[in-house]
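All of these numbers come straight from a predicted model, not from anything done at the bench.
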Amino acid sequence: MWESAYLYSTEALFVADADGRLSHWSESFASTVGRGAARGTALHELFHEDDREAVAVTWSRLHETIGPVELRGRVLTAGDVHANFSCVLRRAPHGEAIYGSLHPTPGAIHRVAGESRKGESADMLRALSDNLPVIVWAIDGDGTITHHDGKGLATLGLKRGQLVGTNLFDIYSNVPDGTETVKRALRGSPMHSLSHTKADNSFWENWMVPIQDSHGNVESVIGLSLDVSEARRAEEELRVRLLQIQKQQEVIGKLSTPIIQVWDGVLALPMIGVVDSARTADVMQNLLDEVVRTGARYAILDLTGVDMVDTQVANHLIRLVRAIRLLGAGGIICGIRPPVAQTIVELGLDLDSMVTRANLKAGIMFCINQMSQRARTAAQAGP
């Protein structure tokens, strides 16, 4: 049982003697290094010649410790290219056997000098699938998976080639929307889709290309699935932050232009800082709504904290006062500073028909006097 577990392990395992010559290995190791998995082959021969000196130094350390040691270098793979690997080695407590395992590490793939370029396209595809978060897959006309590879499989907890020979439509029968795009690809339409895996909350962007025979019949579909989870999560985080900023800006806007009831029937709106067209439009709507809600008799616009206005803003303020009048209330502008007054004059805006006062106190007193006078007039008229 233990021999079978070793032989069929998904890890690239091997056993070597004290001189580094291979004696036993797992099927995964054989599929990784190809023809290099041969009895008597020296381990250092699998590495790029520029890395063999470092391999020798690390190998010598095995005789000084029974703990694991690691060496890194470029190993000649079954595709006749040198790829970066981590090799973990450990000397047996008793005897001279060396136990080891190979693990691919991210990095460049180097072609063997002088080798034929015949398999260059396949090597390029393998380099991409080994180093990018993608899954490269293919199915035949019946939906049977014929190829299943790529670094992205680790995200789903799958091994390379694990699903080969199974039927895609059976595996994903509970995802009808996803399988429908594959069926359309089998009918001859190149497809592009986005999918979400709930189990690990991963997001995938998928491309499907139908492959046709000489008669135009689709005989297979090649697919590429790219893990876009990080981008989607960043996009969602950005959306939440923008929404939060928008809400904060709304709160700040309300705090910077508060509508205060300074007297019974009198509202005051102190405007502070930079006043632009967008802010004036918001203020206009909020103030008119408050006039209606409270039944106010007067609304005071206090411009004491405003240093400058342009033509558009000045026109907005004048229209605001007129709109207040249409609601049956009186509009008063107070606290106009010299630069603002000069701008209004230069623009030729007519304020003769509007009530203006020097400051907020004077504006409030005007409203109180007007309401008192009306009350006395109404009392004198009597029934």
Side-chain angles (χ1 to χ4, degrees), residues 242-381:
L242 289 176
L243 183 60
Q244 183 180 10
I245 291 173
Q246 182 180 352
K247 291 181 178 179
Q248 290 173 344
Q249 288 177 336
E250 291 175 357
V251 172
I252 292 172
K254 291 179 180 179
L255 292 175
S256 62
T257 53
I259 300 173
I260 307 168
Q261 185 166 348
V262 295
W263 199 264
D264 187 21
V266 180
L267 299 177
L269 175 64
M271 302 188 72
I272 303 171
V274 178
V275 180
D276 55 21
S277 300
R279 183 179 172 195
T280 308
D282 291 338
V283 166
M284 183 175 183
Q285 183 62 49
N286 294 337
L287 182 58
L288 294 179
D289 289 343
E290 196 67 11
V291 168
V292 173
R293 189 185 70 81
T294 62
R297 300 289 301 278
Y298 291 95
I300 303 173
L301 301 181
D302 182 13
L303 305 183
T304 304
V306 178
D307 293 326
M308 186 176 299
V309 297
D310 58 21
T311 306
Q312 203 167 9
V313 171
N315 284 325
H316 269 302
L317 294 174
I318 294 174
R319 285 199 296 270
L320 176 55
V321 174
R322 290 173 180 168
I324 292 171
R325 289 179 182 173
L326 292 176
L327 295 178
I332 302 164
I333 299 178
C334 68
I336 298 178
R337 303 184 69 177
V340 178
Q342 185 176 356
T343 300
I344 292 175
V345 171
E346 290 176 353
L347 296 175
L349 300 176
D350 183 14
L351 298 183
D352 292 339
S353 60
M354 297 184 183
V355 178
T356 59
R357 289 294 183 268
N359 51 50
L360 180 59
K361 179 180 178 181
I364 295 174
M365 291 302 301
F366 171 82
C367 296
I368 294 174
N369 292 335
Q370 288 294 308
M371 289 189 293
S372 298
Q373 183 176 348
R374 289 184 182 180
R376 288 194 299 270
T377 302
Q380 293 173 358

Leu288 side chain reached by Leu327 side chain, heavy atoms, under 4.5 Å: yes
Nearest non-hydrogen partners of Ala299 and Val291, listed with the distance: CB-CG2, 4.3 Å
Sub-4.5 Å side-chain heavy-atom contact between Met365 and Arg357: no
Met371 versus Val266, closest heavy-atom pair with distance: CE-CG2, 3.5 Å
Side chains of Pro270 and Ile260 in contact at under 4.5 Å (non-hydrogen atoms): yes
Closest heavy-atom pair and its distance - Cys367, Ile300: SG-CD1, 3.9 Å
Non-hydrogen side-chain atoms of Tyr298 and Leu267 separated by less than 4.5 Å: no
Contact summary for Leu303 and Met271, nearest pair of heavy atoms: CD2-SD, 4.0 Å
Residues, nucleotides or ligands: over 12 heavy atoms within 6.0 Å of Asn369 CG: yes
Residue pair Arg322 / Met354, side-chain heavy-atom distance below 4.5 Å: yes
Flag side-chain contact, heavy atom, 4.5 Å: Leu287 against Leu301: yes
Donor on one side chain, acceptor on other, Gln285 and Asp289, under 3.5 Å: yes
